[in-house]
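One structure below.
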Protein chains: 2
Amino acid sequence: MAFKRMRSPRRDRGVITVREIAHESGVSTATVSRVLSSSEVVSEHTRARVMAVVNRYHYVPHGLAGALASRRSRQIGIIIPTIANSIYGCCTQAVNRVAQRAGYTVLVGISEFSPEHEAEIIHRFLERRVEGLILTGMTRACELYKKIEHNGVRFVVTWKYNSDRARPAVSFDNYKAAAMAVEHLISLGHRRIGLICGRADVNDRALERRRSFEETMRAHGIEPDPELIFEREFEFSEGRDAVATMLQHERPPTALFIANDVQAVGALLKCREMGLSVPEDLSIVGFDDLPITQYVNPPLTTVRVPSGEMGRLAAEHLISAIQRGQPVKSVELSTCLVVRGSTGPARTSSIRRARRRQAARG
Amino acid sequence: MAFKRMRSPRRDRGVITVREIAHESGVSTATVSRVLSSSEVVSEHTRARVMAVVNRYHYVPHGLAGALASRRSRQIGIIIPTIANSIYGCCTQAVNRVAQRAGYTVLVGISEFSPEHEAEIIHRFLERRVEGLILTGMTRACELYKKIEHNGVRFVVTWKYNSDRARPAVSFDNYKAAAMAVEHLISLGHRRIGLICGRADVNDRALERRRSFEETMRAHGIEPDPELIFEREFEFSEGRDAVATMLQHERPPTALFIANDVQAVGALLKCREMGLSVPEDLSIVGFDDLPITQYVNPPLTTVRVPSGEMGRLAAEHLISAIQRGQPVKSVELSTCLVVRGSTGPARTSSIRRARRRQAARG
DNA sequence: CTGAAAGCGCTAACAT
DNA sequence: ATGTTAGCGCTTTCAG
């Protein structure tokens, strides 16, 4: 071999490049680029000629090369904990929609509630040079936030809002939302109220809702009973099992706040299966307002959260911040209590009465 | 200005590059690259020195530049029609998991059942130089397949399997699966059977299930009544409305095949709400085996499809095909009928009887 | 309105 | 085991 390096200009797997297109249409690569970015001033004539060649060759520009050269990846990332709870899917879908319209692609990461896993996803997204990040919840190593900022990447927190925190957030306030639910129960005369929620150690939304439950109870002079507080995974079955166990307590609750509808629906169906009347024997208020909640029997009283709008706004704020080179603006979204059939006035020791009834029957 | 171009080597927004790392640790960029790709032979000593600098600077390599240079993007794309039906979420999550483990990032596209939208997503993914594509269903413009292949991108079809087609698929056979459901009903003595399914014009899975319904009926000497076939969107409410309408027919069905569980659960709950007994008044068999189906009352008889496994296998086959430079191997997955409480023996004109009962009560 | 050419940050031959 | 260097395919000044 006499020559130093044998790299013919188009030895590649036949994938066309700007150079070929430029050559074929008798213009420079710069012009092709201008035509394709469709923003520049190019004469109608040249544009037509170039486009003809582009179409003829089914030319698809190399976006990564473009990103490298322009230093804009036109990608954002979103990290959600799970897809088992459809609220995250709904939010992601909304993000996807606005991103797409703005010419951005979205990378989806699923952390499965693992901080290590999340850190890994963030690292990968940073490598891919996302221009922005949509995060779920606020609790994560300070290091990680530093790493994100250090790489010049903007982010916005969803599903968690605290007016006192410095991090940009587009979300509702879990504390307030949960308080509405608990106060609804208290106002119906319930004093003995149980809580079922997600795992507070890996989920700051669950933590916040739990904290709100406890403090709201105390604010009304009720001391929450730790034996009536269950933290479980996000599954129908977990809600079912939790409620079954809780109702075996010697002093069972007359009402339940179940801080997510997946567990709430599971629990509600279980109650019916056990022959309990809802809300006569037990009131239940859920959280999320999943579509199915209005169709179960009785329809579930629950807290409506704006999952879709949150996704939409988070993406809009993030992208506009990126484009305008400004910090992301926070917004607090509102929630509301949707009162349906699963909550009613407290009646003394209704579970015990129901139990007796069952015993008589069985 | 006397000089031609003013481009200082590190004027950028402070983001570190290999060159800086190489310089700081007194090695070449090639060595840094070797350390980071962790595959090459590098002395323990140099590796440690380089890693120290990497960590000190929180250096995150520019993945797009790497992709460009190595001509491997380490990305795959998946396109699903919606996230409203959680089976797609489940599948996507599985894909994500194996991709991540293999060092691939996944781009998620949501087509919302629009072919135009899907074509756009594919184009964008091709620009991003995905190395492979996981598609939902097989029906799309031949042009589009050509475009994908023309760009040297491998793909695999999911949720649709036909042994006669040339396209690589990792899926179950909708026709067979639906036939199991219909035959179950027929074997219980039902002759007047209705169908509720997705829109067959934009969804080849729905089409296939509908075709299977009609042909299986005929194979058993029953002519399907077009008035008992409803194509609807994927919503609980659509299932509800469809069943309500269908039962007003002068000769209502004694059984229903509802080709997806979202609609099936909606329909089932509606039946209960209308005071109908399931399966005494009406048998229902669903499709998908969503988690909730086993908890509704009565638990839904349905066809179990391997959403998670399909995602896992599709991703594995695709990635291994990419890595070994071979075509993607097809696999047909199996489904099974899960008989639960919503189906029972046919009883003559049970709906009419129920109606009379209701009239008597009302 | 168009072209020339210098990189974007990295990897992969090739050479040592 | 490590360094040199030529690109990857595109965008973007700057010049005309």
Side-chain angles (χ1 to χ4, degrees), chain A residues 1-13 15-23 25-50 54 59-74 126-129 151, chain B residues 1-13 15-23 25-50 54 59-74 126-129 151:
Chain A
M1 302 285 182
F3 33 77
K4 285 195 59 146
R5 191 88 50 99
M6 178 51 197
R7 281 203 188 175
S8 81
R10 37 183 317 177
R11 104 222 82 98
D12 236 307
R13 337 156 291 178
V15 181
I16 310 297
T17 72
V18 244
R19 191 138 64 234
E20 271 88 68
I21 301 295
H23 185 247
S25 31
V27 298
S28 70
T29 60
T31 299
V32 174
S33 175
R34 286 182 190 115
V35 169
L36 259 28
S37 66
S38 68
S39 58
E40 299 282 336
V41 269
V42 181
S43 80
E44 222 13 270
H45 176 243
T46 337
R47 154 166 283 119
R49 264 233 316 276
V50 171
V54 165
Y59 171 60
V60 178
H62 195 306
L64 304 185
L68 180 60
S70 65
R71 294 194 225 51
R72 325 218 316 85
S73 71
R74 297 201 145 275
L126 255 22
E127 283 185 337
R128 295 244 117 92
R129 289 300 187 267
N151 279 272
Chain B
M1 301 285 180
F3 33 76
K4 286 196 57 151
R5 189 89 52 98
M6 177 51 198
R7 282 201 187 175
S8 81
R10 37 183 319 179
R11 104 223 81 99
D12 237 306
R13 340 156 289 180
V15 181
I16 309 298
T17 73
V18 243
R19 191 138 64 230
E20 271 89 66
I21 300 295
H23 185 246
S25 32
V27 299
S28 71
T29 60
T31 299
V32 174
S33 175
R34 285 182 192 116
V35 169
L36 261 29
S37 66
S38 68
S39 60
E40 298 282 336
V41 268
V42 182
S43 80
E44 222 13 90
H45 175 246
T46 353
R47 153 165 284 120
R49 264 232 316 278
V50 171
V54 165
Y59 170 62
V60 178
H62 195 306
L64 305 185
L68 180 60
S70 66
R71 293 193 220 67
R72 327 218 314 84
S73 71
R74 296 201 146 276
L126 255 21
E127 281 186 338
R128 295 245 118 91
R129 287 303 188 266
N151 279 272

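In this text the structure is predicted, and so the values were computed from the model without any measurement. So you know, we letter chains A, B, ... as the sequences are listed, proteins then strands, and number each from 1.
- In this structure, B/Ser33 has no side-chain hydrogen bond (donor to acceptor under 3.5 Å, both in side chains) partners at least two apart in sequence or on a different chain.
- Atom CG of B/Leu36 is separated from atom P of C/dT11 by 7 Å (rounded to the nearest Å).
- Rounded to whole Å, the distance from CG on A/Leu64 to P on D/dG9 is 11 Å.
- The side chain of B/Ser43 places no N or O atom within less than 4.0 Å of a non-bridging phosphate oxygen (OP1 or OP2) of D/dA1.
- The CZ atom of B/Arg49 sits 13 Å away from the C1' atom of D/dA1 (whole-angstrom rounding).
- Using a 4.0 Å heavy-atom criterion, one finds that B/Thr46 contacts the sugar-phosphate atoms exclusively.
- OP1 and OP2 of C/dG9 both lie 4.0 Å or more from every side-chain N or O belonging to B/Thr17.
- The CZ-P distance, from A/Arg72 to D/dG9, rounds to 23 Å in whole Å.
- When the nucleotides C/dA12, D/dC10, C/dA4 are ranked by their closest atom to the side chain of B/Ser70, C/dA12 comes out on top.
- Rounding to whole angstrom units, CD of residue B/Glu20 and P of C/dC8 are separated by 10 Å.
- Look at CZ on B/Arg71: it is 9 Å from P on C/dA12, rounded to the nearest Å.
- Mapped onto DNA chain C by nearest heavy atom, B/Val60 and A/Val27 fall at different nucleotides, with A/Val27 at the one closer to the 5' end.
- Side-chain atoms of B/Arg34 lie closest to D/dG3 of the nucleotides C/dC10, D/dA1, D/dG3.
- By the side-chain hydrogen bond (donor to acceptor under 3.5 Å, both in side chains) test, B/Ser43 pairs with B/Thr46, sequence neighbours left out.
- Dashed line: the shortest gap from a side-chain N or O of A/Thr29 to OP1 or OP2 of D/dC10 is not under 4.0 Å.
- When the C1' atom of D/dC8 is taken as reference, atom NE2 of A/His62 falls 7 Å away, rounded to whole Å.
- The distance from atom CD1 of B/Ile21 to atom P of C/dC10 is 9 Å, rounded to the nearest whole Å.
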